[in-house]
Amino acid sequence: MKFFIDTANLSQIQEANDLGILDGVTTNPSLMAKEDISGEQAILDHYVKICSIVDGPVSAEVIATDFEGIIKEGEALAKLHKNIVVKVPMIKDGIKAIKYFSTKGIKTNCTLVFSAGQAILAAKAGATYLSPFIGRIDDMNWDGIELIEQIVDIYDIYGYQTEVLAASIRNPLHIVKCAEVGAHVITAPLSAITGLLKHPLTDIGLAQFLADHKKAAESK
Ligand code: E4P
């Protein structure tokens with residue numbers, strides 16, 4: 001399972017990359033707005049900065065919602081760096097644009113996915129990645145992980161090449177559950193990724209080992 005970090009924050013991206021387990025980055029307009037960026041050119045420059053930190057796919061989302069606008073914006077984003085993946089919303093013109101991009105060899109991430117039906121359409125259009133939002137589904141009292149499992153099963157049956165990129169992850173357990181049901185990729189905040197490190201028995205065991213070593217090293 002690949003690990004993407006879900007942020008536009010350069011120091012968090014650097015920290016995750018330094019762990020040596022990072023495969024890529026996802027951003028969205030809300031995550032970009034949280035950073036100290038002002039102006040359209042600064043937004044584009046920020047994507048390039050992210051690409052200079054991580055050697056892997058970096059999702060950059062289009063703002064346009066009409067076919068021509070999505071194509072124009074997506075082509076400009078794709079030209080920024082070879083690792084840019086154009087993130088396109090799951091709407092009618094978005095599906096048309098994903099089909100267009102797939103014929104042009106431009107990688108796409110179909111975002112704002114909340115159902116298996118949407119997932120089938122995106123795969124048929126040739127999306128590179130599909131982003132079902134599991135946390136937002138859980139927030140509605142439905143089961144986000146069940147949706148990931150359902151989509152992975154459908155994609156397996158038909159041999160679709162689209163990778164299921166579980167998004168809107170809130171905690172480390174979401175990541176483990178995504179691994180259990182076969183998500184190809186997870187994108188998560190740094191806190192959820194580093195949360196996987198934590199176990200009280202590891203802390204207790206390490207403290208004991210260090211104390212025992214100290215005793216042995218200091219004894220004559
Ligand atoms: C990433 O691709 C998504 O935009 C992101 O995971 C959404 O997360 P949220 O539901 O926490 O905003």
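Just so you know, these numbers use all the heavy atoms, side chains as well, and skip hydrogens, waters and symmetry mates. Ligands are counted one by one from 1 in listed order, and the atoms in each one are counted from 1 as well. Computed from a predicted structure; not experimentally measured.
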Find out whether Ile70 and Ile98 are in side-chain contact, i.e. whether some heavy atom of one side chain is under 4.5 Å from a heavy atom of the other.
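Ile70 vs Ile98: side chains apart.
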Considering non-hydrogen atoms of the protein only, which is the closest contact for atom 8 (O) of ligand 1, and what is the distance?
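Here the nearest protein heavy atom works out to Ser168 CA, 3.5 Å.
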Tell me which protein heavy atom sits closest to atom 5 (C) of ligand 1, plus the residue, atom name and distance to 0.1 Å.
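Looking only at protein heavy atoms, the one closest to atom 5 (C) of ligand 1 is Asp6 OD2, 3.1 Å.
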Salt bridge (Lys or Arg N to Asp or Glu O under 4.0 Å) evaluation trace for Glu163 with Lys2:
CA-CA 10 Å; Glu163 293 188 47; Lys2 289 180 224 163; 2.8 Å; yes
Ser102 (side chain) donor-acceptor with Ala127 (main chain) under 3.5 angstrom
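Flag not set: sc Ser102 to bb Ala127 has no pair under 3.5 Å.
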Is there a donor-acceptor pair under 3.5 Å between the side chain of Thr26 and the backbone N or O of Thr187?
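Answer holds: no.
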Would Lys215 and Asp212 pass as an ion pair if we require N to O under 4.0 Å?
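The answer is yes: the pair qualifies as a salt bridge.
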Give the atom numbers and elements of ligand 1 that come within less than 4.0 Å of a heavy atom of Asn28.
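Listed by number with element: 3 (C), 4 (O), 5 (C), 7 (C).
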Relative to the heavy atoms of Phe133, which atoms of ligand 1 are at a distance of less than 4.0 Å?
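Matching atoms, with element in brackets: 3 (C), 4 (O), 7 (C).
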Just go through Arg170, Glu61, Arg136, Lys87 and tell me whose heavy atom is the nearest to atom 12 (O) of ligand 1.
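Shortest heavy-atom distance from atom 12 (O) of ligand 1: Arg136.
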